[in-house]
Novice: 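Here it is, the structure in full.
Start at 1 and go down the list; that is how both ligands and their atoms are numbered.
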Amino acid sequence: MKFFIDTAEVDAIKALIPSGFVDGVTTNPTLIARSGRNIKEVIQEICALTDGPVSAEVTALDTKGMIEEGKRVADWADNVCVKLPLTWAGLEATNALSSQGIPINVTLCFSANQALLAAKAGATFISPFIGRLDDIGEDGCDLIAEIRVIYDNYGFDTQILAASIRSLEHMENCALIGADVATAPPSVIRDMAGHELTDKGLAAFMKDWEKTGQSIL
Ligand code: E4P
């Protein structure tokens, strides 16, 4: 299972590099706006930090505009993955750009049928948004499970990139279901390492170690 970091904050990505957990990065227009940075500059900086795919989203809403913007964005760095919304125009642009060898992450997926179309259009990644489905009273992880079954039924190469992940439970469920990738904010990735029994156990070990008066170095 690959981990992508869902942020446009360069320092937050840099801080995670030593962990070895940064398999790629996802951004969206909201995250770029939140960074306060120029999109090209920030995407190029992020691309230099990782060999993995870095998703940069187009903002045109029509097919022609998406194709033009997609080509431009793909030129910014070798590891840019063009992010296109799951609209009819986005699917047409996915078909056009993927057939030219440009990797595409189709975003804002909320149904299994949408995911099926994205795979047929040649998407490299499909991004179902778990948290936003939970927000409207559905179970977002059910969608991940449905897409897993459909993609396996037909042997689609499109990777399931579970997005809008907000909790440790989301991460666990995605791993259990078999999502290929999970993209999450840095805080969620860091919180995965925590357990109260780990803290308690370590405190007890340290207390006992002090009593020995020894030092390893
Ligand atoms: C993924 O590509 C999106 O940028 C992101 O996961 C959306 O998450 P949110 O629903 O928490 O904004």
Novice: Which residues satisfy the side-chain contact (heavy atoms from CB on, under 4.5 Å) test with Q44, sequence neighbours excluded?
Specialist: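 side-chain contact (heavy atoms from CB on, under 4.5 Å) list for Q44, sorted by chain: K40, W76.
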Novice: Any Lys/Arg nitrogen of D208 or K211 sitting under 4.0 Å from an Asp/Glu carboxylate oxygen of the other?
Specialist: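 Salt bridge present between D208 and K211.
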Novice: Hey, could you give me each pair passing ring-ring contact (aromatic ring centres under 6.0 Å, His included) that has a residue in residues 195-217? Not counting sequence neighbours.
Specialist: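 Qualifying pairs, neighbours excluded: none.
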Novice: Please say which of T94, T124, V58, I67 ends up in a side chain to side chain contact (heavy atoms under 4.5 Å, CB included) with V82.
Specialist: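 Output: one option passes, namely V58.
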Novice: Starting from atom 8 (O) of ligand 1, locate the nearest protein heavy atom and write down its residue, its atom name and how far away it is, to 0.1 Å.
Specialist: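 Its nearest protein heavy-atom neighbour is S164 CA, 3.4 Å.
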Novice: Which of the numbered atoms in ligand 1 are below 4.0 angstrom from a heavy atom of N28?
Specialist: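 Contacts of ligand 1 toward N28, numbered from 1: 3 (C), 4 (O).
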Novice: What residue and heavy atom of the protein are closest to atom 7 (C) of ligand 1, and at what distance?
Specialist: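 Nearest protein contact, heavy atoms only, for atom 7 (C) of ligand 1 is F129 CE2, 3.6 Å.
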Novice: Quick one: do R166 and D6 make a salt bridge, cutoff under 4.0 Å?
Specialist: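 No, R166 and D6 are not salt-bridged.
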Novice: Give the numbers and elements of all ligand 1 atoms closer than 4.0 Å to a heavy atom of A163.
Specialist: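 With A163 as reference, the close atoms of ligand 1 come out as 1 (C), 6 (O).
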Novice: Is it the case that more than 12 heavy atoms not belonging to D157 sit under 6.0 Å from its CG atom?
Specialist: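 Open: at most 12 neighbouring heavy atoms sit under 6.0 Å from CG of D157.
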Novice: Which heavy atom of the protein is the closest neighbour of atom 11 (O) of ligand 1, given with residue, atom name and distance?
Specialist: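 Ranking protein heavy atoms by distance from atom 11 (O) of ligand 1, first comes R166 NE, 3.2 Å.
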Novice: Below 3.5 Å, N or O to N or O, backbone or side chain included: is there any such pair between N105 and ligand 1?
Specialist: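 N105 vs ligand 1: no N/O contact under 3.5 Å.
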Novice: With heavy-atom distances below 4.0 Å as the criterion, list the atoms of ligand 1 near R132.
Specialist: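 Once the distances to R132 are compared, the set is 7 (C), 9 (P), 10 (O), 12 (O).
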Novice: Do D152 and R148 sit within salt-bridge range, that is, some charged N less than 4.0 Å from a carboxylate O?
Specialist: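 Salt bridge: yes.
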Novice: Got the closest protein heavy atom to atom 5 (C) of ligand 1, with its distance?
Specialist: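 Answer, as residue, atom name and distance: D6 OD2, 2.8 Å.
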Novice: Report, in ascending order of atom number, the atoms of ligand 1 lying under 4.0 Å from any heavy atom of K83.
Specialist: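 Per the distance check, 1 (C), 2 (O), 3 (C), 4 (O).
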Novice: Side chain or backbone of S127 under 4.0 Å from ligand 1, or both, or neither, by non-hydrogen atoms?
Specialist: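 Neither; nothing of S127 gets under 4.0 Å from ligand 1.
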